[in-house]
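Sequence lines set the chain letters: A, B, ... in the order given, protein chains first and strands last, and positions in each chain run from 1. Just so you know, these numbers use all the heavy atoms, side chains as well, and skip hydrogens, waters and symmetry mates. Nothing here was measured: the structure is a model prediction, and the numbers come from that model.
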Number of protein chains: 2
Amino acid sequence: MARKSTKLAKPSAQSGGHASAATGEVPVSNRTARAMERRAAIVEAAMEEFIARGFAATRLDDIAKRAGVAKGTIYLHFKDKESMFEELVRIVIVPVVARLTALPPPTGSVRDLIEAFASNFLKEVIGTRRGDLVRLIVAEGPRFPAVADFYYREVVSRGIAAMRALIELGIARGEIRQKELARYPQILVAPAMIAVIWQSLFARHAPLDAQEMLRVHLDLIFGERRTT
Amino acid sequence: MARKSTKLAKPSAQSGGHASAATGEVPVSNRTARAMERRAAIVEAAMEEFIARGFAATRLDDIAKRAGVAKGTIYLHFKDKESMFEELVRIVIVPVVARLTALPPPTGSVRDLIEAFASNFLKEVIGTRRGDLVRLIVAEGPRFPAVADFYYREVVSRGIAAMRALIELGIARGEIRQKELARYPQILVAPAMIAVIWQSLFARHAPLDAQEMLRVHLDLIFGERRTT
DNA sequence: TGACTATGACTGACTAGTCAGTCATAAATT
DNA sequence: AATTTATGACTGACTAGTCAGTCATAGTCA
């Protein structure tokens, strides 16, 4: 098996190396930085491919091509396809949760708080690649208990708890009438989730103004808003 | 269910032949009936497998084994794996829609109507194999435009229209306050969809009393119900 | 500073295995 | 016997994962 190769010395050079030379940009210098960049490229490419084709139908060759690396390189960063998928979810989800979690500025009414939250969710998730990831988790969850567990633990249970706290505050302050709502924070969140799914599946058939829908939903919970 | 067939009798002759002779039961005699039975068994088996593993990861061999037929038999009924999946969705969805559609007995309040609808949905879909199918459609939809189109056309758009009509009636009768709700019937349906997904993904982590949640949601829309 | 060596990140041809779809043959039915 | 239906061994295309070999870079020395 002489791997062969050697191939033509492939002098021409263009490649192999990274273009660094020609353009002279050479921003990344040391190896580690380069490796991190590649890892990021792989994660990005993998997300695109998994979202587009689902786990089983995604080819590692395609991920490699899209990331601009050789297939073997993927295995320098991830154990196998499955754990790549699981890590991928973590890598992408964690920062989103962090950002979404870190923004409760304890000011104003509960409705304002929730509205701020919703507006962020709208911007960060609905209709974005991130939203597609959520759909992907719904899709692959049953086959990846690890992913479903992670998602439940890190996103769902936290989100539900946070919403419940907000609802209880709203009830205490008299902003929310329906006391039972605290038992099912899912109701508060449901339209946002539906919006995520709708954008992935039906936007082409019937576009949905998610922002407006969420506003109407909040009006339903808090009562129509007086024109400020 | 109904793995059925053949089995029982199954003398020893495991063989392919059908036991018909031995027991003399010969329930289904003519070919067409037999063929229909087999087709149904294939559909049933395929649904189980697709739900459990997703489209790409499902093996036709497994479907055949589960259905109790040879792989080749599948190809007597379906052109290929892809069109089998598409037909499957139609075959399973159509009767559900028919049943769900056919039940508006024009009696009582709008809330009663919606409640009847919800209770049916609860019984027929949430937490059942059918609910899993819905999740599967959400999962595979983007890769099967034909399925997404069909589902939008036959289920979503009809459902939205029906809900909108109901909401408008409720508004006209003074049962529903929020007039804007008619613009987003999705809000009315969202908790039910969330319940479907929740049961597939998170029931093991945190069971959800879907019926109670839907009741709370209707209370939110119609106002708390007086104890009848 | 320039030349020489050591390192390990990277490559991609290759292997072993999987699975959709076929078709020659067998079984059942007429 | 002729015809229709069912079977399952088989094929060929495809792909996850491997690993011998390459080469850009970091490190060392003069």
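For Ala56(A) and His77(B), each mapped to the nucleotide of DNA chain D holding its nearest heavy atom, the one lying further toward the 5' end belongs to His77(B). Taking for each of Gly72(B) and Thr73(A) the nucleotide of DNA chain D with the nearest heavy atom, the 5'-most of the two is the partner of Gly72(B).
Using bins of under 30°, 30° to 60° and over 60° for the plane-to-plane angle, the ring pair Phe85(A)/Phe144(A) lands in the tilted bin. Between Trp198(A) and Tyr152(B), the ring-plane angle classifies as perpendicular under the 30° and 60° cut-offs.
With rounding to the nearest 0.5 Å, the separation of CZ in Arg130(B) from CE in Met47(B) is 7.5 Å. Note: Leu201(B) CG to Ile137(A) CD1 = 9.5 Å, rounded to the nearest 0.5 Å.
Taking the ring axis of Phe55(B) as reference, the NZ or CZ atom of Arg143(B) does not stay both within 45° of it and closer than 6.0 Å to the ring centre.
Atom CD of Glu49(B) and atom P of dA20(C) are 11 Å apart (whole Å). Atom CZ of Arg38(A) is separated from atom P of dT25(D) by 11 Å (rounded to the nearest Å). For the pair Ile42(B) CD1 and dA6(D) C1', the computed distance is 11 Å after rounding to whole Å. Remark: C1' of dT5(D) and CD of Glu37(B) are 15 Å apart, rounded to the nearest angstrom. Atom P of nucleotide dA28(C) and atom CG of Leu76(B) are separated by 16 Å, given to the nearest angstrom. At whole-Å resolution of the value, CD1 in Ile74(A) and P in dC19(D) are 17 Å apart. As rounded to whole Å, 8 Å separates atom P of dA16(D) from atom CD1 of Ile63(A). Separating the CZ atom of Phe55(B) from the C1' atom of dC19(C) is a distance of 12 Å, rounded to the nearest angstrom.
Nearest nucleotide to the Tyr75(A) side chain, out of dG17(D), dT11(C), dC10(C): dG17(D).
In this structure, the side chain to side chain contact (heavy atoms under 4.5 Å, CB included) partners of Ala192(A), at least two apart in sequence or on a different chain, are Phe121(A), Leu214(A).
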With salt bridge (Lys or Arg N to Asp or Glu O under 4.0 Å) as the criterion, how do Arg90(A) and Glu87(A) come out once you've worked through the C-alpha distance, each side chain's angles and the decisive distance to 0.1 Å? CA-CA 5 Å; Arg90(A) 279 181 246 280; Glu87(A) 277 196 59; over 6 Å; no
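Note on Arg53(B): every side-chain N or O is 4.0 Å or more away from OP1 and OP2 of dC19(C).
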So which protein N/O to nucleotides 12-15 of chain D N/O distances come out below 3.5 Å?
| residue | atom | partner | partner atom | Å |
| --- | --- | --- | --- | --- |
| dT15(D) | OP1 | Arg59(A) | NH1 | 2.7 |

